[in-house]
There are 2 protein chains.
Amino acid sequence: MITRRVTLSDVAKLACVSAITVSRVINQPEKVSGPVKEKVHSAIEKLGYIPNRSASALASARSGVIGVIIPSLSNNVFIEVLRGIYEIAGPAGYQVLMADSHYSHLEEESMVRTLLGQSPEAMIITGGGQTEYTNNMLRSAGIPVVQLMEILDEPIDMNVGISHRQAAYDVVSRLVASGYKKLGFVGARMDPRAQQRLKGYRKAMESAGVYRGDWVITTPKPSSIAMGAELFTSLMAKSAGECNAVFCVNDDLAMGALFECQRMQLAVPESMAICGFNDTEASALMNPPLTSVNVPRYDMGVKATEMVLRAIKGEALDNKVVDCGYQIKIRESTQRAIY
Amino acid sequence: MITRRVTLSDVAKLACVSAITVSRVINQPEKVSGPVKEKVHSAIEKLGYIPNRSASALASARSGVIGVIIPSLSNNVFIEVLRGIYEIAGPAGYQVLMADSHYSHLEEESMVRTLLGQSPEAMIITGGGQTEYTNNMLRSAGIPVVQLMEILDEPIDMNVGISHRQAAYDVVSRLVASGYKKLGFVGARMDPRAQQRLKGYRKAMESAGVYRGDWVITTPKPSSIAMGAELFTSLMAKSAGECNAVFCVNDDLAMGALFECQRMQLAVPESMAICGFNDTEASALMNPPLTSVNVPRYDMGVKATEMVLRAIKGEALDNKVVDCGYQIKIRESTQRAIY
DNA sequence: TTGTAAGCGTTATCAT
DNA sequence: ATGATAACGCTTACAA
């Protein structure tokens, strides 16, 4: 005895109405009279009917799906963005189909293909630099697209993010201005955002006439707390202990650097100042609290999703590009009493 | 000029074959001759054809989707499980449709409904305690279901996890045996896993005859590093400073407790021993490194996904319940030189 | 307010 | 090896 999945017409039969009426009860209840609505609802409950979204999507050309591509599930920054996306999309009746490109534009290309197969009504992808083929696919899909995280020169469609270059320039300038002229740079993964931050660091250091190429330590390897400790050690070695401050391209690295200082008995900030980027929860709670740049990750996800939802509805957008801004958080880790 | 989405028959027309042949080239290429295959492939490329999954799902009754429900996107533990799921599902040609139940079995119910609407071929959900209605929906969906994270008494179908009670019992027993008899408990969120850990703690303490109800501090509020500091402070107050060790229900709390000790100038482990749970990256790298219980989160996700994939294929499973085990990591934070 | 008929783009089934 | 035809379950367009 095989139990076929319950369909619209099963419900219709039980409620003694036509299939389209059941469909209306679900999608446009205001167009159905009270008594009929009740009959249908009780039939739906009795049978435990669950509408088939594939059939619905096929017939209506609306999938109720938003496609999202992030570079990594291991990086908390993207998780918070995701949270923002889910928090808006779900209540609005949209499903999120997420894929992880592993920081590869080639994987990203095949993921865009796959996601487009689900006929998403909008796409949210991370940053720029997509392959030409990816761009073509996205353009010809004819759906709203948001590029998220960083402000780009030539967005495909919409763009939500911050200027990582400017943010890094700002915080580094402030550090230099307050006396930290022997400020090294430590970066891992070095994705486009990290590259922008490095540019900002460099410009700030050069403006002050204190840039030193050999104080820049980077690796393409994944970022982690352990990597922060490792790179910090390299910086100490390479600068022969000359650096007395370090700008880490993110808070994980900064945390690793701080832990390493503790192990080396290097007092922070007295002997070594540390600055991170992103302002994750731990940063403000460590000892000493870490200076960082607060980036509204969750809000970016929210904003991007709100924008695509509006675009799906065909509403006009005030602006296709939204700069979410950042906040510099100066904390004890860079507040040396005497220079 | 409206550009309709490219369909199978567009490709078929261009390649001068029938639609079903194009379908075969995509899904069962071994059943199509070489020359025809080439013709079709070039037509696909020329048109930039992307198959419509909704239509495919409808016609074939295979959606290529796995539904996943986790309680929270804010908790890293579940993110690592997710990583394991995505890492296996993607390459196997499955899309993951994820939903966040916010630790609510009622939200979970509506999310199961929503996900089932996508005709997933399998479902992976967190833990037990689902509503009766949820259980019914899952059962009558007739698809493989894995309950993940903890070993349950009466799983719906398959079950992958660890015994949180046993793990907590083990580590607490070891701490007590090595002299920490004034061991408090600190817990936040108190979801079913946390409850189990509390039970394990209690049993271990009672077995040793050192259990004290007033040394158990919990809150239903979300867990965080800041909350760890707060609860630790409460414990100190409530135990009038008598406790000289604390078992935190997770590593975030343990981290917060350690930071608070540093602020209070309480030497760890000399004056206060700290033990966490989960063994997240930071734990091993802090100063001092934190004792914790390593839980194979990523592997759980991998294992669960491998199991549902096998079940989808109709392959026999050796076992419907898999205990992934755990590892106790004793580190400096609980290694007092002299008791 | 309710219903009929046609089709959405794909695949299963049965032929050729 | 390839094709014709009828589903799959729902919604749109048009009637009644």
Side-chain angles (χ1 to χ4, degrees), chain A residues 2-41 43-44 47-65 93 114 116-121 141, chain B residues 2-41 43-44 47-65 93 114 116-121 141:
Chain A
I2 300 157
T3 48
R4 212 174 28 78
R5 178 166 166 174
V6 179
T7 71
L8 203 57
S9 38
D10 295 330
V11 176
K13 223 167 285 171
L14 181 61
C16 301
V17 296
S18 70
I20 185 66
T21 300
V22 179
S23 170
R24 286 204 187 98
V25 169
I26 295 168
N27 301 310
Q28 321 170 30
E30 71 281 0
K31 293 199 170 177
V32 180
S33 70
V36 174
K37 233 185 298 194
E38 275 183 41
K39 260 197 307 185
V40 171
H41 272 133
I44 287 177
L47 296 175
Y49 170 66
I50 298 177
N52 182 327
R53 291 293 298 174
S54 296
S56 168
L58 184 58
S60 70
R62 278 182 291 98
S63 62
V65 164
T114 308
L116 287 180
Q118 304 277 0
S119 318
E121 295 181 42
Chain B
I2 300 157
T3 48
R4 211 176 28 80
R5 178 165 164 174
V6 178
T7 72
L8 204 58
S9 38
D10 295 330
V11 177
K13 222 166 284 169
L14 181 60
C16 301
V17 297
S18 70
I20 186 67
T21 299
V22 178
S23 172
R24 287 205 186 97
V25 169
I26 295 168
N27 300 309
Q28 321 169 33
E30 71 281 1
K31 293 198 170 178
V32 181
S33 69
V36 173
K37 233 184 300 193
E38 275 183 40
K39 259 197 310 184
V40 171
H41 272 132
I44 288 177
L47 297 175
Y49 169 66
I50 297 177
N52 182 328
R53 291 293 297 171
S54 297
S56 169
L58 184 58
S60 69
R62 277 182 292 98
S63 63
V65 165
T114 309
L116 286 181
Q118 304 278 358
S119 317
E121 296 181 41

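To find a chain, count down the sequence lines: A is the first, B the second, and so on, and within it residues start at 1. Just so you know, these numbers use all the heavy atoms, side chains as well, and skip hydrogens, waters and symmetry mates.
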statement: Per nearest nucleotide of DNA chain D, the residue lying toward the 5' end, B:Leu58 or B:Lys31, is B:Lys31
field: Whole-Å gap separating C1' (D:dG9) and CG (A:Leu47)
entry: 15 Å
Under the side chain to side chain contact (heavy atoms under 4.5 Å, CB included) test, residues paired with A:Ser63 that sit two or more places apart: A:Ala57, A:Val65, A:Ser119, A:Glu121
field: Helix axis bend for the helix from C:dT1-D:dA16 to C:dT16-D:dA1 - C1'-based end axes, five pairs, 10° rounding
entry: 30°
- request: State which residues pass side chain to side chain contact (heavy atoms under 4.5 Å, CB included) with B:Lys39; sequence neighbours excluded, sorted by chain then number.
  value: B:Val17
message: For a quick test of reading the model, state the closest non-hydrogen atom pair linking A:Pro51 to A:Ile26 and the distance between them.
response: CG-CD1, 4.2 Å
query: Below 4.5 Å, heavy atoms only, C-beta onward: do A:Val6 and A:Ile50 meet side chain to side chain?
result: no
message: Looking at D:dT11, I'd like to know if its phosphate oxygens (OP1 or OP2) sit under 4.0 Å from a side-chain N or O belonging to A:Asn27.
response: yes
field: Separation between CD of A:Gln118 and OG of A:Ser54, rounded to the nearest 0.5 Å
entry: 8.0 Å
- request: Write down the distance between CZ (A:Arg5) and C1' (D:dC8), rounded to a whole number of angstrom.
  value: 11 Å
- prompt: Has the side chain of B:Lys37 got a donor or acceptor atom that lies under 3.5 Å from a matching backbone atom of B:Pro29?
  reply: yes
field: Any donor-acceptor pair under 3.5 Å from B:Asn27 side chain to B:Arg24 backbone
entry: no
Neighbour count above 12 (heavy atom, 6.0 Å) for A:Lys13 NZ: no
- prompt: Going through the checks in order, is the side-chain contact (heavy atoms from CB on, under 4.5 Å) test met by B:Leu14 and B:Leu47?
  reply: CA-CA 9 Å; B:Leu14 181 60; B:Leu47 297 175; 3.8 Å; yes
Nucleotides bounding contact with chain A, strand DNA chain C, heavy-atom threshold 4.0 Å: C:dT1 to C:dG9
- prompt: Which pair of heavy atoms, one from A:Tyr49 and one from A:Thr7, lies closest together, and at what distance?
  reply: CE1-C, 3.6 Å
Could you run down the sub-3.5 Å N/O contacts of the protein with nucleotides 12-16 of chain D?
unit_1 : atom_1 : unit_2  : atom_2 : d
D:dT12 : OP1    : A:Arg62 : NH2    : 3.3

message: I need the CD1-P distance between A:Ile26 and D:dT11, as an integer number of Å.
response: 7 Å
query: What heavy-atom pair brings B:Leu116 and B:Ala141 nearest, and what distance separates the two atoms?
result: CD2-CB, 3.8 Å
query: Any ion pair linking B:Arg5 and B:Asp10 (charged N to carboxylate O, less than 4.0 Å)?
result: no
field: A:Ser56 side chain near D:dT11 phosphate (N/O to OP1/OP2, under 4.0 Å)
entry: yes
message: Could you walk me through whether A:Val40 and A:Val32 satisfy the side-chain contact (heavy atoms from CB on, under 4.5 Å) test, starting with their C-alpha distance in whole Å, then the side-chain angles of each, then the deciding distance to 0.1 Å, before giving a yes or no?
response: CA-CA 10 Å; A:Val40 171; A:Val32 180; over 6 Å; no
- prompt: Under a 4.0 Å heavy-atom cut-off, which of residues 7-16 of chain B touch DNA chain D?
  reply: none
- prompt: So does B:Thr21 get a side-chain nitrogen or oxygen closer than 4.0 Å to the phosphate oxygens (OP1/OP2) of D:dG3?
  reply: yes
